Amino acid sequence: MNLPLELFSSSVLTFGVILLAEIGDKSQLVCMTLASKHRAKTVAIGAITAFALLNILAVTVGGSLSQLIPKQWITIAAALLFALFGLHSLLSKEDNEEGVSQMKSARGVLLTTFMMIFLAELGDKTQLAVITLSTTHRPLAVWLGATLALATSALMGIYAGRKLLARLNINLLHRISGLFFIGLAILLLLDLYQSL
């Protein structure tokens with residue numbers, strides 16, 4: 001098989017596997033919820049940057065990453081971040097100058113999105129799939145296919161967040177997203193507890 005065809009087929013295979021695994025996953029739901037309250041472009045940049053970096057780690061470092069950072073610490077950090085974001089959402093009030101508020105906090109939204117996606121996906125099933133695929137296929141093709149799949153999933157979540165959730169009352173949306181993120185934190189900690 002010639003190199004371009006091999007790269008293409010490996011990328012397409014990776015894209016399909018990762019996209020199917022990611023539909024409805026927590027990172028897509030995080031993107032959906034964040035995009036309902038913040039600029040879609042900022043959320044997209046944060047999410048796609050996190051996915052691209054995670055996929056670089058997965059194809060270059062592979063399985064040794066989980067040996068460097070214990071999964072329990074990653075899970076605890078992700079749960080803490082989700083809980084803090086959930087509390088922030090529950091306690092926030094409607095801002096009449098929403099556009100100004102979004103402009104001022106774009107860097108914060110970008111960083112929050114990046115950190116939430118990065119911690120939620122570090123060691124997740126899709127990252128493990130990328131590691132596994134990169135052992136049998138060319139790493140560049142796996143990285144490209146996985147990053148495109150995760151970006152597609154994030155953009156689908158962002159679109160849904162902008163179109164569906166944005167129509168809700170902003171205070172109700174804060175409560176829903178706050179409970180969602182606190183629920184994610186609890187689920188992560190329960191999963192950690194069951195794995196011990």
Side-chain angles (χ1 to χ4, degrees), residues 11-12 14-55 78-79 81-122 124-127 129-130 143-188:
S11 293
V12 169
T14 303
F15 180 88
V17 167
I18 300 301
L19 184 62
L20 286 175
E22 195 64 19
I23 298 295
D25 196 48
K26 61 186 170 292
S27 59
Q28 189 180 44
L29 298 173
V30 166
C31 289
M32 182 185 298
T33 305
L34 289 173
S36 68
K37 298 188 307 178
H38 304 289
R39 285 187 164 181
K41 182 179 176 182
T42 306
V43 174
I45 291 169
I48 293 169
T49 304
F51 287 135
L53 180 59
L54 283 165
N55 291 333
L81 187 63
F82 284 156
L84 289 173
F85 196 77
L87 288 172
H88 179 269
S89 292
L90 283 173
L91 299 174
S92 64
K93 302 281 187 227
E94 183 175 356
D95 189 352
N96 291 333
E97 299 176 25
E98 189 175 317
V100 174
S101 172
Q102 286 181 354
M103 291 290 281
K104 288 180 183 175
S105 65
R107 189 176 304 151
V109 171
L110 182 94
L111 184 61
T112 298
T113 303
F114 177 86
M115 289 302 297
M116 291 181 84
I117 296 295
F118 189 88
L119 290 172
E121 289 297 310
L122 194 58
D124 192 50
K125 67 182 183 293
T126 50
Q127 191 180 41
V130 171
W143 177 83
L144 182 62
T147 302
L148 289 174
L150 291 166
T152 301
S153 172
L155 293 173
M156 289 167 53
I158 289 167
Y159 178 79
R162 297 302 288 175
K163 294 297 177 190
L164 302 176
L165 297 179
R167 296 179 185 181
L168 296 174
N169 173 287
I170 192 71
N171 288 324
L172 176 62
L173 186 60
H174 284 308
R175 286 183 181 86
I176 290 170
S177 66
L179 293 173
F180 167 74
F181 286 119
I182 289 171
L184 273 180
I186 291 168
L187 287 175
L188 284 172

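Because the structure is a prediction, the values reported are computed rather than measured.
- The distance from atom CG of L84 to atom CE of M115, rounded to the nearest 0.5 Å, is 11.5 Å.
- Taking all atoms of both residues into account, the shortest heavy-atom contact from A44 to L155 is CB-CD2, 3.9 Å.
- Taking CZ of F118 as the start and CD of Q127 as the end, the distance is 7.5 Å to the nearest 0.5 Å.
- For L20, there are no side-chain contact (heavy atoms from CB on, under 4.5 Å) partners at least two apart in sequence or on another chain.
- Once rounded to the nearest 0.5 Å, the distance linking OG of S153 with CG of L29 reads 9.0 Å.
- From M32, atom CE reaches atom CE of M156 across 8.5 Å, with rounding to the nearest 0.5 Å.
- Side-chain contact check for L150 versus I18: some heavy-atom pair is nearer than 4.5 Å.
- Taking CZ from R39 and CD1 from I158, the interatomic distance works out to 14.0 Å, rounded to the nearest 0.5 Å.
- Contact detail for L34 and M116: the closest heavy-atom pair is CD1-SD, 4.4 Å.
- A50 approaches I117 most closely through the heavy-atom pair CB-CG2, 3.7 Å.
- Atom-to-atom distance recorded for L119:CG and L54:CG is 9.0 Å, nearest 0.5 angstrom.
- Nearest heavy-atom pair, C31 versus V43, reported as atom, atom and distance to 0.1 Å: O-CG1, 4.0 Å.
- Annotation: side-chain contact (heavy atoms from CB on, under 4.5 Å) contacts of A83 (sequence neighbours excluded): A185.
- Heavy atoms only, all atoms of each residue included: W143 and A52 are closest at NE1-O, 3.1 Å.
- Legend: residues meeting side chain to side chain donor-acceptor pair (under 3.5 Å) with S27, ordered by chain and number and at least two apart, are E22, E121.
- With hydrogens and angles disregarded, no donor-acceptor distance shorter than 3.5 Å links the side chain of T49 to the backbone of G46.
- Using a 4.5 Å heavy-atom cutoff, the side chains of T152 and F15 are in contact.
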